[in-house]
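Numbered from 1 within each chain, the chains take letters A, B, ... in sequence-line order. These values consider heavy atoms only, across backbone and side chains, with no hydrogens, waters or symmetry-generated copies.
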Amino acid sequence: MADYTPSSIEPRWQRIWSERRCFEVPDLPERPRFYCLEMLPYPSGRIHMGHVRNYAIGDVMARFKVMRGFDVMHPMGWDSFGLPAENAAIQRGMHPKEWTESNITDMRGQLVRMGFAYGWSRELATHRPEYYRWNQWFFIQMFRRGLAYRSLRRVNWCPECATVLANEQVEAGVCWRCGTVVTQKELEQWFLRITRYAQELLDDLETMTGWPERVVTMQRNWIGRSEGAFVDFPVEGGAPLRVFTTRIDTIFGATFLALSPDHPVARDVMAGSSQATDVERFLQEHRNAPVGEKLSAEREKAGVFSGRYAVNPFTGSRIPIWIANFVLMEYGTGAIMGVPAHDDRDFEFATLYRLPIARVIATGDGTDPPLPFTTDEGRTIESGRFSGLPRGRARQAMIGWAEAHDFGQGSVQFRLKDWGISRQRYWGTPIPMIHCPACGVVPVAESDLPVLLPEDVLLTGKGGSPLQTSPTFAKVSCPTCGVAARRETDTMDTFMDSSWYFYRYLDPANTTAPYRPELARAWFPIDLYIGGITHAILHLMYARFFSMVMRDLGLGAPGEPVARLVCQGMVLKGGAAMSKSKGNVVAPDDMIEKYGADVTRLFVLFAAPPEKDLEWSESGIDGLHRFARRVWRIVDAHAAAVAGSPMCARPSGAAALELRRKAHQTLTRVTDDIDRRLHLNTAIAAVMELVNALYAFAPAEEGAEAMSGRPDEDRAVLGESLEILAVCLAPFAPHLASEAWELLGRKDLLATHKWPEADPAMLATATVTVVVQVNGKVRGRVEVPQGADEGSVLDAVRSDARLRGTVFPDGGGRIARTVYVPDKLLNVVIAA
RNA sequence: GCGAAAGUGGCGGAACUGGCAGACGCGCCGGACUUAGGAUCCGGUGGGGCAACCCAUGGGGGUUCGAAUCCCCCCUUUCGCACCA
């Protein structure tokens, strides 16, 4: 008997799958299609257990659908632009491209060794010009449609390194590299107008039933739609101030206005007033506050009186204008009306600075709750002609009044902001724009794409955009008028790269278009997309946005690219995410060496359902190793004895019939668990049960000799059951399953073998066990023919000596009623 | 603070539509085979009485013939957002 040696089995099958191109699909599907996608990795150097889990889940689905006869698009690629490559370059003097390409080679090898069924001919890497030229092309299309524009934006700035910092590079308010306190600076940046699609992005969420509820909720909150109104407050001796409010029904209680310290008129409002020096000091302090602190809700409220007054357009009363640190410039208009009686924040602020508090909402039952009263109940009071209205009616009436008198209008605001894509980084897609002194900002001619990332740059981690250090890159002549002009030296946010890559897989070699639209029409939407919950908001929002834009560009994209989304949980060790800094990393390569790829796959799939976090456990993986060896031994022991046995659909022996039932029931369970429920852990549990049943029927230790003395039908059923075992295992442990298939004498490839249908006759049993309850408590069980009616079950209960006394205490006189669920349960209710 | 998800044996988890709680695996206990076992196989394993029975799915209430599952309140944990006017 040979040992189970994954180190010799696995590479052989990997070679066969690759040589026979088992997982390559035609550009246009010829059979029913299934697009199975996993989030592409950043090529950091090594795959980790999180990747293994993510890709193992996708691989089960892809392999299963291949066997079910689908044309399965199951591609893999590399999200290969990004900061780590640049840092590696700075630290080790290696070019980012060299570092990235070498990592890709290593990681591809690791994925192959895991036995994942990718169509590698479609592999892409986003740092390659043949890919990123289409980022540039999309950018230009968006620019032409007004979807890309320039604007000032505050960025994190390290004065020591003289460089822009990404949010991740700001640690507790200081520069990650040199520890200097990070300040803010305004720079001209490129933006994509995702807000144009805000309403559609929100509306579609209602229909996205294939997405996890929590992701839908997160996206809805992120879009953050609120209905309200703009109101202009006249300012004494100045231009009116516009505020946004969702609570215009409380406007009669507005006792102050508050401006964000970042509001463009904050400085002007107080010019010449007696408060000028106080305001100046306040603004100065605000500007110097560390970035992290500035946005925190726990921050103490603070403000300063501007010295000016505005007029409430509804009441005509004079109210002070304050500048307050809790007012955000980024939302609404950067100015608010303060209604302390009906807003927690305004209340806190008014209390702090002793501003008046005026109740204008009452419940009308004489038991008005204490202020601030912020719920949506009640009616207006002290609100002039609008008094006595329910909140909703008051809002309508007041907006109408403001519109009629031309000092306000109803409006919808979104929390979602336009997407700033400029990065002052090297390792990204160059933004294909040219700054011409005569024509302004113009796009590079499409025939000149791609704008190649220059090689002759200095990477120091200091200073502005690295592309500026190239002696040749920025010098260009204007594509419109020909005069000397300057090339844009910023690069794109790498989220651009990952927003549409799943379309490029369809047509990765296309040199004249990002892809052929008819291919998108044939393959989209993606049937199953699997990835980490960390991308629930940004990546998936951008991907949806891009898909809408691509649809509107006539590229055959559906508005929503992903039909079903699965977010797998994290892989933990010792209760914490595996990370280098914690030193709790388990390397997939070590696991392959120790247990093999199949066992590693089985473990990550068995230990927890896909959506839950998975706690790594060494003894847990031992259990799966044992299981794999059990499978191996039972196949190895009986393969010779069962080879060539004809099928036996209706064995006469009880044990053989029982085994055949078990095999076909397992097939049904596994099929349903994978296809409908995506409960991969219970699918594996079902296969384990089948293996246990096989051992009970024909222990491996007795081997071929014992089987040779058994009836033909035993050998036939054993052979069939072993084949079903191989089939059921094929998506999870494909190498072991393929090897078993071959041992059993099958000449075709299991990976592309047709997934069988269970024999319906084996799914039903002649008799069923019906649970007998008294008043809902289990009192026993009876065996009855399947489909038996209530009377027969009661007869069975009466003929059971033990049950009779419990169920019919005085011959049945006190039975109030019975509840019968056919083939399942009989509940006898006995009156007290 | 707001929002979402989850809470089941010693552990990971199962129980699909309200119908036998604890599938499957780990661990543990016992047995077989053995010079030996950290290999393998077989059996046992929620708790209490050790028998018929009783108790048990974070806690408390409710709906129901029947609740891990549905409803209400509370507790705990995790995640997301965090002054969004």
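Phosphate proximity of B/rA15 to A/His679: present, with a side-chain N or O under 4.0 Å from OP1 or OP2. The side chain of A/Arg779 contributes an N or O atom lying less than 4.0 Å from OP1 or OP2 of B/rC54. When the side-chain nitrogen and oxygen atoms of A/Asn827 are compared with OP1 and OP2 of B/rU64, none of them lie within a distance under 4.0 Å. Listed pair A/Arg220 / B/rG80 fails the phosphate criterion, with no side-chain N or O lying under 4.0 Å from OP1 or OP2. Side-chain N/O atoms of A/Arg817 include one lying less than 4.0 angstrom from OP1 or OP2 on B/rC65. Here A/Arg415 does not reach the OP1 or OP2 of B/rA85: none of its side-chain N or O atoms lies under 4.0 Å away.
Screening A/Tyr595, A/Trp616, A/Phe627 for a ring pair (Phe, Tyr, Trp, His ring centres under 6.0 Å) involving A/Phe603 leaves a single residue, A/Trp616.
Nearest nucleotide to the side chain of A/Val819, out of B/rC65, B/rG12, B/rC81: B/rC65. Here the nucleotide nearest the side chain of A/Ala685, chosen from B/rG13, B/rA23, B/rG19, is B/rA23. Minimum atom distance to the side chain of A/Tyr695 is reached by B/rC41, of the listed B/rC16, B/rG19, B/rC41. Here B/rG13 is the nucleotide among B/rG13, B/rC81, B/rG19 with the atom lying nearest to any side-chain atom of A/Lys612. Side-chain atoms of A/Asn692 lie closest to B/rG25 of the nucleotides B/rA23, B/rG19, B/rG25. Of the candidates B/rG3, B/rC24, B/rA85, B/rA85 carries the atom nearest the A/Thr245 side chain, counting heavy atoms from C-beta on. For A/Phe606, taking side-chain heavy atoms from C-beta onward, the closest of the listed nucleotides B/rG12, B/rA15, B/rG3 is B/rG12. Nearest nucleotide to the A/Arg629 side chain, out of B/rC42, B/rA39, B/rA15: B/rA39. Here B/rG13 is the nucleotide among B/rC41, B/rC65, B/rG13 with the atom lying nearest to any side-chain atom of A/Pro609. If you check B/rA23, B/rA14, B/rC16 against the side chain of A/Asn681, the one that comes closest is B/rA14.
The base of B/rC79 has none of its N or O atoms less than 3.5 Å from a complementary donor or acceptor on the side chain of A/Arg214. In the interface, the side chain of A/Lys301 is paired with the base of B/rC83 through a donor and an acceptor atom under 3.5 Å apart. Judged by distance alone, with hydrogens and angles left aside, A/Arg781 brings a side-chain donor or acceptor within reach of the base of B/rC20, the pair sitting under 3.5 Å.
As rounded to whole Å, 8 Å separates atom C1' of B/rC24 from atom CZ of A/Arg669. In this entry the distance linking CD of A/Glu615 with C1' of B/rU78 reads 14 Å, nearest Å. For A/Leu680 and B/rG12, the CG to C1' distance is 16 Å, given to the nearest whole Å. Remark: C1' of B/rC26 and CZ of A/Arg626 are 8 Å apart, rounded to the nearest angstrom. B/rU17 atom P lies 18 Å from atom CG of A/Leu825, rounded to whole Å. Atom CH2 of A/Trp222 is separated from atom P of B/rC81 by 6 Å (rounded to the nearest Å). The distance between atom CD of A/Glu330 and atom C1' of B/rC81, rounded to the nearest whole Å, is 16 Å. Rounded to whole Å, the distance from NZ on A/Lys777 to C1' on B/rU64 is 14 Å.
Classified by its glycosidic torsion, B/rG9 falls in the syn category, the angle being within 90° of 0.
Contact annotation for A/Gly623: backbone-only contact, meaning every heavy-atom pair under 4.0 Å involves sugar-phosphate atoms and none involves a base. Residue A/Glu689 is in sugar-phosphate contact alone, with no base atom involved, counting any heavy-atom pair closer than 4.0 Å across all strands shown.
Between the side chains of A/Asn692 and A/Arg630, a donor-acceptor pair is found at a separation under 3.5 Å. In this model, a donor atom of one side chain and an acceptor atom of the other lie less than 3.5 Å apart for A/Asp673 and A/Thr682. For the residue pair A/Ser792/A/Asp789, the side-chain donor-acceptor check at 3.5 Å is satisfied.
Along RNA chain B, the nucleotide nearest A/Asp613 and the nucleotide nearest A/Ser226 are compared for position; the residue whose nucleotide lies closer to the 5' end is A/Asp613. For the pair A/Ile533 and A/Ala686, nearest-nucleotide mapping onto RNA chain B gives the more 5' position to A/Ala686.
Side chains of A/Thr195 and A/Lys417 form no contact here, defined as non-hydrogen atoms less than 4.5 Å apart.
Pairing of B/rG37, defined by two Watson-Crick or G-U wobble distances under 3.5 Å, is not identified with any nucleotide. As the counterpart of B/rA21, no nucleotide is assigned, since no Watson-Crick or G-U wobble pattern has both distances under 3.5 Å. Using N1 to N3 plus N6-O4 or O6-N4 for Watson-Crick, or N1-O2 and O6-N3 for G-U wobble, each under 3.5 Å, B/rG30 pairs with B/rC42. If you check B/rA5 for Watson-Crick or wobble pairing at under 3.5 angstrom, you find it paired to B/rU77. Across all strands shown, B/rC53 forms a Watson-Crick or G-U wobble pair, both distances under 3.5 Å, with B/rG48.
The aromatic rings of A/Phe495 and A/His539 sit parallel to each other, their planes meeting at less than 30°, with 60° as the upper class boundary. Ring planes of A/His286 and A/Phe282: parallel class, angle under 30° (limits at 30 and 60°). Ring geometry for A/Phe349 versus A/Trp322: interplanar angle over 60°, hence perpendicular rather than tilted (30 to 60°).
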